[in-house]
Amino acid sequence: MLREINVQTLTWADKTMSVLRTRQLEACEARVDALPAFGLFSGCDDTRVEQLWRLSYDAQEHPLCRRLHTASALVTQVMIQLPAEAVLLSAQEDMLLDRLLSLGGAVPLMDWDELDAAESLVRRLWCVMRKQDDHILLMLPEELRTPLLLITTSRAHQELRAAMESFHAKIRAMLYLGGMLKVDVPLSLLRDTVLQGTYADDETLALRYLRTAFDCTYDSHGEMLLLHPGLAEPERLMKQVPVSPEMARTMDRQVLRQAAMGLLDEERPLYEMMAGLLSAAVRPEIGVEEAVEDLRMLAKQGVSEQEMDEVLSSLLIMQPTDAMRSGARLLLQMTPRWGTKPSGMVQ
């Protein structure tokens with residue numbers, strides 16, 4: 001998901017991982033409210049097709065396209081891309097699609113965390129979202145159900161999706177270890193290790209997948225950067241030596257497995273210590289695990305002790321105890337930081 005928030009003037013209490021996620025979902029909710037109530041396969045004709053195309057990924061990827069579109073041409077384009085695009089869905093989109101295919105093509109969103117994946121399926125011109133009473137209904141048109149069911153139950157698709165899951169875990173691990181990746185690294189790995197020689201080897205769709213599966217932003221040269229969801233200020237890391245595809249292939253597999261789960265073995269005692277100190281003291285809308293994750297991500301960004309203490313105070317229903325402050329200082333001192341030499345490199 002595109003990181004749209006400028007955090008430069010905010011305090012660290014306003015740019016923790018949980019706050020960044022909440023603001024992204026709020027921005028997504030505002031965009032969803034502006035989506036049309038019709039879709040490519042339901043209620044679209046040549047008089048309305050430009051409105052639909054402008055909200056699509058295709059329009060985002062080809063902003064200078066000057067031709068007028070027709071509904072039939074867009075339908076043809078969607079159907080041609082369908083097998084490859086079904087492979088290159090984010091994990092959240094894939095789970096939503098499974099529910100849509102299993103439940104007759106219409107499902108209510110279970111929680112707000114599904115909102116960005118549902119929006120993405122709309123921008124692929126597959127689905128329509130409508131508000132009904134107190135929930136949002138996501139609908140997959142009948143014209144796509146049978147083709148997608150045949151595609152997703154094929155052996156070739158299932159093998160590629162299994163490879164995509166492994167790839168996603170590796171990139172998630174690399175982001176946990178380094179905080180940020182220039183897009184050429186995951187794109188090269190994706191095409192070389194998963195897509196090469198398959199029907200899904202399409203660079204445009206691969207980039208579309210990376211934008212939807214991970215947090216991202218753009219640098220001053222317009223190059224896309226993938227971000228760990230806890231990284232508030234990517235500008236701090238832009239001067240570090242970038243991870244190359246060759247470096248990525250040499251990373252230690254055991255460390256990558258730990259990082260994909262979001263916690264290295266060396267970090268586990270710190271996590272358990274801090275969770276014990278904060279037990280029953282954090283604000284109820286946050287929860288202990290989320291509060292500890294917020295603090296750990298700040299430690300990875302090298303905030304000052306004063307900034308860490310301010311964030312700690314903002315997470316609690318009480319004043320921090322001396323033990324809590326000492327634990328936060330230890331967390332800050334012992335947590336591996338982003339912007340240093342990437343962990344997990346084979347020497």
Side-chain angles (χ1 to χ4, degrees), residues 1-2 27-109 114-132 135-154 157 161 199-200 202-213:
M1 183 190 294
L2 179 64
C28 182
E29 184 180 5
R31 293 193 304 270
V32 165
D33 285 340
L35 293 176
F38 63 91
L40 182 59
F41 297 87
S42 56
C44 182
D45 56 27
D46 289 350
T47 65
R48 310 172 82 182
V49 70
E50 289 300 321
Q51 179 186 354
L52 201 61
W53 179 80
R54 284 194 294 271
L55 65 83
S56 72
Y57 283 133
D58 190 50
Q60 180 181 344
E61 293 153 358
H62 304 97
L64 300 180
C65 178
R66 298 183 182 277
R67 71 179 185 277
L68 289 174
H69 299 84
T70 65
S72 61
L74 279 190
V75 167
T76 299
Q77 178 178 315
V78 167
M79 299 304 290
I80 289 173
Q81 292 182 167
L82 204 60
E85 200 164 2
V87 169
L88 291 162
L89 296 177
S90 69
Q92 291 80 9
E93 288 175 281
D94 190 57
M95 287 188 288
L96 268 179
L97 179 60
D98 282 346
R99 281 172 48 203
L100 285 164
L101 293 175
S102 301
L103 299 174
V107 296
L109 299 188
E114 291 187 328
L115 192 61
D116 57 328
E119 180 196 10
S120 188
L121 290 175
V122 173
R123 295 189 186 279
R124 293 180 189 276
L125 302 182
W126 290 14
C127 292
V128 176
M129 266 196 285
R130 290 179 185 161
K131 286 190 174 181
Q132 286 194 352
H135 63 266
I136 296 177
L137 193 67
L138 182 69
M139 294 173 289
L140 180 71
E142 186 174 356
E143 292 87 345
L144 291 181
R145 287 180 223 162
T146 298
L148 281 169
L149 191 59
L150 292 172
I151 289 167
T152 57
T153 55
S154 71
H157 174 86
R161 281 302 305 178
Y199 63 85
D202 182 298
E203 182 171 334
T204 297
L205 296 182
L207 284 168
R208 185 180 298 183
Y209 159 78
L210 293 172
R211 283 198 306 273
T212 57

When you measure from the side chain of Arg123 to the backbone N and O of Leu55, does any donor-acceptor pair fall under 3.5 Å?
yes
Tell me the side-chain hydrogen bond (donor to acceptor under 3.5 Å, both in side chains) pairs involving residues 96-108, sequence neighbours left out?
Arg99-Glu114
Please tell me if the side chains of Trp126 and Leu100 come closer than 4.5 Å, counting only heavy atoms from C-beta onward.
no
In sequence, state the C-alpha distance, the side-chain angles, and the governing distance for Val49 and Thr70, and then conclude on side chain to side chain contact (heavy atoms under 4.5 Å, CB included).
CA-CA 6 Å; Val49 70; Thr70 65; 5.6 Å; no
Do you know the tightest heavy-atom contact between Cys28 and Glu119?
SG-OE1, 3.1 Å
Flag, side chain of Thr76 to backbone of Ser72, donor-acceptor distance under 3.5 Å:
yes
Between Glu85 and Arg208, is there a side-chain heavy-atom distance shorter than 4.5 Å?
yes
If you count every heavy atom of other residues, nucleotides or ligands that lies below 6.0 Å from Glu61 atom CD, does the total exceed 12?
yes
In terms of heavy-atom contacts, Ala86 and Arg161 come closest through O-CD, 4.0 Å
Between OH on residue Tyr57 and OG1 on residue Thr212, distance to nearest 0.5 Å
5.5 Å
Between Ser90 and Ala213, the two heavy atoms sitting closest are CB-CA, 3.8 Å
Supply the atom-to-atom distance Ile136 CD1 to Leu138 CG, rounded to the nearest 0.5 angstrom.
9.5 Å
For Asp94 and Leu97, indicate whether the former's side chain and the latter's backbone hold a donor-acceptor pair under 3.5 Å.
no
Quick one: CG on Leu101 to OG1 on Thr146, what's the gap to the nearest 0.5 Å?
9.5 Å
Note: Leu52 and Cys44 closest approach over all heavy atoms is CD2-SG, 3.9 Å
Drop me the distance from Asp116's CG to Glu93's CD, to the nearest 0.5 angstrom.
8.5 Å
Residue pair Arg124 / Val78, side-chain heavy-atom distance below 4.5 Å
no
When you measure from the side chain of Arg130 to the backbone of Ala37, do you find a donor-acceptor pair of N or O atoms at a distance under 3.5 Å?
yes
Sorted by first residue and then second, give each ring pair (Phe, Tyr, Trp, His ring centres under 6.0 Å) pair with at least one member in residues 65-93; sequence neighbours left out.
Trp53-His69
Contact summary for Phe38 and Val128, nearest pair of heavy atoms
C-CG2, 3.9 Å
Starting at NZ of Lys131, measure out to CG of Leu35 and round the result to the nearest 0.5 Å.
10.5 Å
Roughly how far, to the nearest 0.5 Å, is the CG atom of Leu144 from the CE atom of Met139?
13.0 Å
Between Pro147 and Met79, which heavy-atom pair has the shortest distance, and what is it?
CG-CE, 3.9 Å
So do the side chains of Glu29 and Leu115 get within less than 4.5 Å of each other, counting heavy atoms only?
yes
List the steps, then state whether side chain to side chain contact (heavy atoms under 4.5 Å, CB included) holds for His135 with Leu109.
CA-CA 7 Å; His135 63 266; Leu109 299 188; over 6 Å; no
Out of Val122, Asp33, Leu121, Leu137, which one pairs with Met129 under the side chain to side chain contact (heavy atoms under 4.5 Å, CB included) rule?
Val122
